[in-house]
Amino acid sequence: MLQLQTIRENKKEIILALGKRNIDAQTLLDNVLQLDEKRRTTQTQLDNVLAESNSLSKEIGALYKTGKAQEANVLKEKTVHLKEESKQLGEDLNAAAEELQNLLYQIPNAPHTSVRKGSSEEDNEEVFKEGDIPTLDTTALPHWELAKKYDIIDFELGVKIAGAGFPVYKGKGARLQRALIAYFLDKNTEAGYTEIQVPHLVNELSGYGTGQLPDKEGQMYHVTADDLYLIPTAEVPITNIFRDVIVNESDFPITYTGYTPCFRREAGSYGAHVRGLNRLHQFDKVEIVRVEHPTKSYEALDGMVEHVKNILRELKLPYRILRLCGGDLGFTAALTFDFEVFSTAQDRWLEISSVSNFETYQANRLKLRYKDENGKNQLAHTLNGSSLALPRVLAGILENYQTPEGIKIPDVLVPYCGFEMID
RNA sequence: GGAGAAAUGGCAGAGUGGUCGAAUGCGGCAGUCUUGAAAACUGUUGAGGGUCACACCUCCGGGGGUUCGAAUCCCUCUUUCUCCGCCA
């Protein structure tokens with residue numbers, strides 16, 4: 001969430017920035033500042049009452065020690081009304097703090113200056129495009145047909161076992177998935193990211209830490225018996241490693257990569273655009289996460305974008321990069337670049353990666369800080385990106401690499417697959 | 001799942017009702033000494049709120065209670081360890 005101090009000092013700028021998300025934050029921020037004021041005055045009042053009863057208690061203690069029980073009892077009576085007062089003030093304080101907290105949770109991150117105002121994905125800016133879109137002959141098929149033809153993904157079987165959106169990968173399809181995971185992890189490790197394996201279920205606190213809760217409650221699968229959530233992305237467990245952590249400035253950059261399945265309820269989406277691998281309840285993803293010094297985070301973001309570019313170049317897939325507009329930007333992000341691969345047989349772009357800088361928004365929730373050169377604790381910046389989400393990469397490969405003889409495996413994946421064709 | 005023990009500052013580890021935000025050691029930082037380093041010595045070293053700065057307030061796993069006063073007593077939850085059971 002946004003920092004109170006920042007809201008106090010830069011209210012105008014934040015209102016302007018949030019305007020790019022089409023949010024009129026004026027009253028919201030006024031309420032925040034008003035509540036903050038109330039919280040602080042209540043706190044001061046409470047502190048004074050507590051200070052008084054503390055000193056009375058000390059006096060009472062001293063009197064008892066010197067055997068002056070009578071005098072002590074007189075003082076004791078004085079503490080009665082102080083107690084009532086502090087109880088009331090404590091309740092007021094908690095109420096104000098909670099209300100303030102809830103309000104702050106409702107405010108999304110302020111977009112970066114480069115983010116354009118916009119209402120939907122229509123307004124996203126294409127900032128880069130690369131790779132040749134192959135010309136397919138008339139017999140070309142969408143990936144779900146190819147999956148069936150070569151018996152590498154069984155959607156119906158997934159329905160039987162779990163439900164729609166839970167595909168079963170078979171034979172060379174399963175092997176290709178495993179190859180992609182290994183390839184992505186290797187690329188990330190080569191680039192300096194430390195490979196890590198994390199839990200696939202997280203507690204409520206972790207959900208709040210990265211901002212999935214309370215905002216997107218319904219998008220995660222909730223295991224109510226144990227009050228755990230299935231992760232929608234590895235971002236949640238990996239970034240939460242740093243909840244309540246104070247790192248040294250010399251620890252930067254902190255970089256992790258991890259493979260996990262991702263679970264998303266995504267209720268209420270049906271139709272052709274969710275066919276096949278386009279949108280799933282469970283999918284695999286390799287994620288990269290960075291914790292950075294505030295002055296270095298945008299440089300790091302550019303580095304992550306370059307890194308993902310290189311992977312797509314090696315895979316020889318046609319792709320483009322979008323800078324998300326305010327309306328399409330995720331709740332917690334300040335700046336996001338989406339990568340989309342062209343799905344030739346469907347004649348549409350599919351999102352395969354999202355690379356974001358959250359600045360201090362998550363760090364503030366996580367209490368993720370570093371010690372600066374003056375020994376002061378400062379909030380760090382967090383970033384993450386997919387490198388990459390498997391199903392749509394798979395869809396892209398199947399569709400773009402199809403030939404009358406079968407599906408060719410991209411050169412870089414052949415060593416990982418152990419075969420050159422799916423036929 | 002059953003029985004028992006424990007949870008204190010970066011780490012180790014004292015502290016069982018008042019002067020304890022907390023001894024001591026290690027680690028970290030600064031200084032003295034040194035050509036430099038090490039050793040030794042001296043000082044310093046948790047977080048949050050609040051203030052121009054002080055003062056002051058909160059925090060000894062989480063929550064609640066007893067008391068004028070709680071790290072210390074009570075309840076509860078969580079976690080860890082030991083033993084037993086089960087198990088990939």
Side-chain angles (χ1 to χ4, degrees), chain A residues 1-9 32-101 103-105 197-209 213 223-229 237 240-252 254 261 291 360 362-380:
Chain A
M1 59 200 166
L2 296 174
Q3 295 173 82
L4 266 174
Q5 200 192 335
T6 318
I7 296 176
R8 271 186 226 138
E9 289 166 6
V32 165
L33 291 181
Q34 219 174 341
L35 266 171
D36 178 43
E37 187 65 35
K38 188 179 167 197
R39 198 207 88 234
R40 278 187 293 167
T41 53
T42 313
Q43 176 86 63
T44 307
Q45 285 170 9
L46 177 62
D47 285 358
N48 290 337
V49 172
L50 288 175
E52 202 179 333
S53 50
N54 282 347
S55 74
L56 273 177
S57 290
K58 273 185 191 165
E59 278 184 57
I60 291 170
L63 288 171
Y64 273 124
K65 268 214 171 124
T66 51
K68 296 173 184 163
Q70 288 248 284
E71 289 177 47
N73 285 333
V74 175
L75 290 184
K76 265 197 201 181
E77 280 169 35
K78 277 177 135 180
T79 63
V80 176
H81 83 275
L82 285 178
K83 227 183 168 181
E84 281 166 14
E85 223 175 314
S86 71
K87 197 183 168 197
Q88 183 60 51
L89 284 168
E91 282 167 14
D92 292 350
L93 181 65
N94 286 341
E98 196 182 323
E99 203 181 333
L100 180 61
Q101 183 70 258
L103 218 51
L104 285 171
Y105 275 144
Q197 292 191 6
V198 289
H200 299 164
L201 278 83
V202 294
N203 57 29
E204 198 179 16
L205 227 51
S206 295
Y208 275 94
L213 295 175
V223 183
T224 51
D226 298 289
D227 205 16
L228 294 168
Y229 294 85
N240 269 283
I241 290 171
F242 297 98
R243 174 150 44 84
D244 291 317
V245 167
I246 301 172
V247 300
N248 291 315
E249 215 169 343
S250 57
D251 294 336
F252 293 131
I254 295 167
V291 180
T360 58
Q362 288 182 330
N364 193 28
R365 290 192 174 195
L366 294 161
K367 297 200 172 55
L368 161 52
R369 292 159 294 176
Y370 68 94
K371 269 199 193 310
D372 69 13
E373 62 271 20
N374 301 317
K376 289 264 290 176
N377 293 331
Q378 308 283 357
L379 291 175

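Only this structure's heavy atoms are used, side chains among them; waters, hydrogens and symmetry mates stay out. Letters A, B, ... mirror the listed sequences (proteins, then strands); counts begin at 1.
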Write down the distance separating the C1' atoms in B/rC26 and B/rG9, rounded off to the nearest Å. 13 Å
Describe the nucleic acid contact of A/Lys371 in one word from base, sugar-phosphate, nothing, applying a heavy-atom distance below 4.0 Å. sugar-phosphate
Does B/rC52 pair with anything, Watson-Crick or G-U wobble, both distances under 3.5 Å, and if so, with which nucleotide? none
Complementary nucleotide for B/rC33 - Watson-Crick or wobble, under 3.5 Å: none
Using the C1' atom as the point on both nucleotides, what is the distance between B/rU16 and B/rU72, in whole Å? 5 Å
For A/Lys367, does the NZ atom sit with more than 12 other heavy atoms under 6.0 Å from it, leaving out its own atoms? no
Does one side chain, of A/Asn73 or A/Glu77, offer a donor that lies under 3.5 Å from an acceptor on the other? no
Going 5' to 3' along RNA chain B, between which two nucleotides do contacts with chain A fall, using a heavy-atom cut-off of 4.0 Å? B/rG18 to B/rG69
CG of A/Asn248 to CG of A/Asp372: how many Å apart, nearest 0.5 Å? 11.5 Å
When rounded to the nearest 0.5 angstrom, what is the spacing between CG in A/Leu93 and OG in A/Ser86? 11.5 Å
Let's test this: given Watson-Crick or G-U wobble pairing with both distances under 3.5 Å, identify the partner of B/rA14. none
Can you name the salt bridge (Lys or Arg N to Asp or Glu O under 4.0 Å) partners of A/Glu37, sequence neighbours left out? A/Arg40
Both A/Leu56 and A/Gly61 contact RNA chain B. Which one's nearest nucleotide lies toward the 5' end? A/Gly61
Near RNA chain B, counting only heavy atoms under 4.0 Å, which residues of residues 85-99 of chain A show up? none
Now, which nucleotide makes the Watson-Crick or G-U wobble pair with B/rG4, with each of the two distances under 3.5 Å? B/rC81
Under 3.5 Å on both distances, the Watson-Crick or G-U partner of B/rC59: B/rG46
Students often mix this up, so state it plainly: with edges at 30° and 60°, are the rings of A/Tyr105 and A/Tyr208 parallel, tilted or perpendicular? tilted
Given the C1' atoms of B/rC87 and B/rG1, what is the spacing between them in whole Å? 12 Å
Verdict with supporting geometry, A/Leu228 and A/Val202, side chain to side chain contact (heavy atoms under 4.5 Å, CB included): CA-CA 5 Å; A/Leu228 294 168; A/Val202 294; over 6 Å; no
Let's go through A/Gln43 and A/Asp47 carefully: what are the C-alpha distance in whole Å and the side-chain angles of both, what is the deciding distance for side chain to side chain donor-acceptor pair (under 3.5 Å) to 0.1 Å, and is it a yes or a no? CA-CA 6 Å; A/Gln43 176 86 63; A/Asp47 285 358; 3.2 Å; yes
Heavy-atom neighbours of A/Gln34 CD exceed 12 at 6.0 Å: no
State the pairing partner of B/rC73; accept Watson-Crick or G-U wobble contacts with both distances under 3.5 Å, and report none otherwise. B/rG65
Using a 4.0 Å heavy-atom cut-off across all strands, classify A/Asn54 as base, sugar-phosphate, or nothing. sugar-phosphate
Between A/Ser57 and A/Asn54, do the side chains contain a donor N or O and an acceptor N or O under 3.5 Å apart? no
Counter-base of B/rA88, judged by Watson-Crick or G-U geometry with both distances under 3.5 Å: none
Taking atom C1' in both B/rC74 and B/rU67, compute the distance separating them and give it to the nearest angstrom. 12 Å
Could you identify which residues of residues 35-46 of chain A place a heavy atom less than 4.0 Å from some atom of RNA chain B, listed by residue number, or say none? A/Arg39, A/Arg40, A/Gln43
Compare all side-chain heavy atoms of A/Gln362 with those of A/Leu368 and state whether any distance is below 4.5 angstrom. no
Using the C1' atom as the reference point in each nucleotide, state the distance between B/rG61 and B/rU78 in Å, no decimals. 8 Å
Taking the C1' atom of each, how far is B/rC56 from B/rG62, in whole Å? 27 Å
With sugar-phosphate meaning primed atoms plus P, OP1 and OP2, does A/Thr79 contact a base, only sugar-phosphate, or nothing at under 4.0 Å between heavy atoms? sugar-phosphate
P gap between B/rC73 and B/rC60, integer Å: 14 Å
Select base, sugar-phosphate, or nothing to describe what A/Ile60 touches, counting heavy atoms under 4.0 Å on all strands. base
Assert: residue with more 5' nearest nucleotide on RNA chain B, out of A/Ser55 and A/Ile246, is A/Ile246
Look at all strands and tell whether A/Asn73 reaches a base, only sugar-phosphate, or nothing, counting heavy atoms closer than 4.0 Å. nothing
In short, salt bridge (charged side-chain N to carboxylate O under 4.0 Å, His left out) pairs touching residues 81-95 of chain A with sequence neighbours left out are none
With rounding to the closest Å, how many angstrom separate the P atoms on B/rA47 and B/rC54? 15 Å
Under a 3.5 Å cut-off for both contacts, is B/rU19 paired Watson-Crick or G-U wobble with anything, and if yes, with which nucleotide? none
Can you give me every donor-acceptor pair (side chain of residues 1-8 of chain A, partner residue at least two apart or in another chain, under 3.5 Å) with its distance?
| residue | atom | partner | partner atom | Å |
| --- | --- | --- | --- | --- |
| A/Gln3 | NE2 | A/Thr360 | OG1 | 3.2 |
| A/Gln5 | NE2 | A/Glu9 | OE2 | 3.3 |
| A/Arg8 | NE | A/Asp36 | OD2 | 2.9 |
| A/Arg8 | NH2 | A/Asp36 | OD2 | 3.0 |

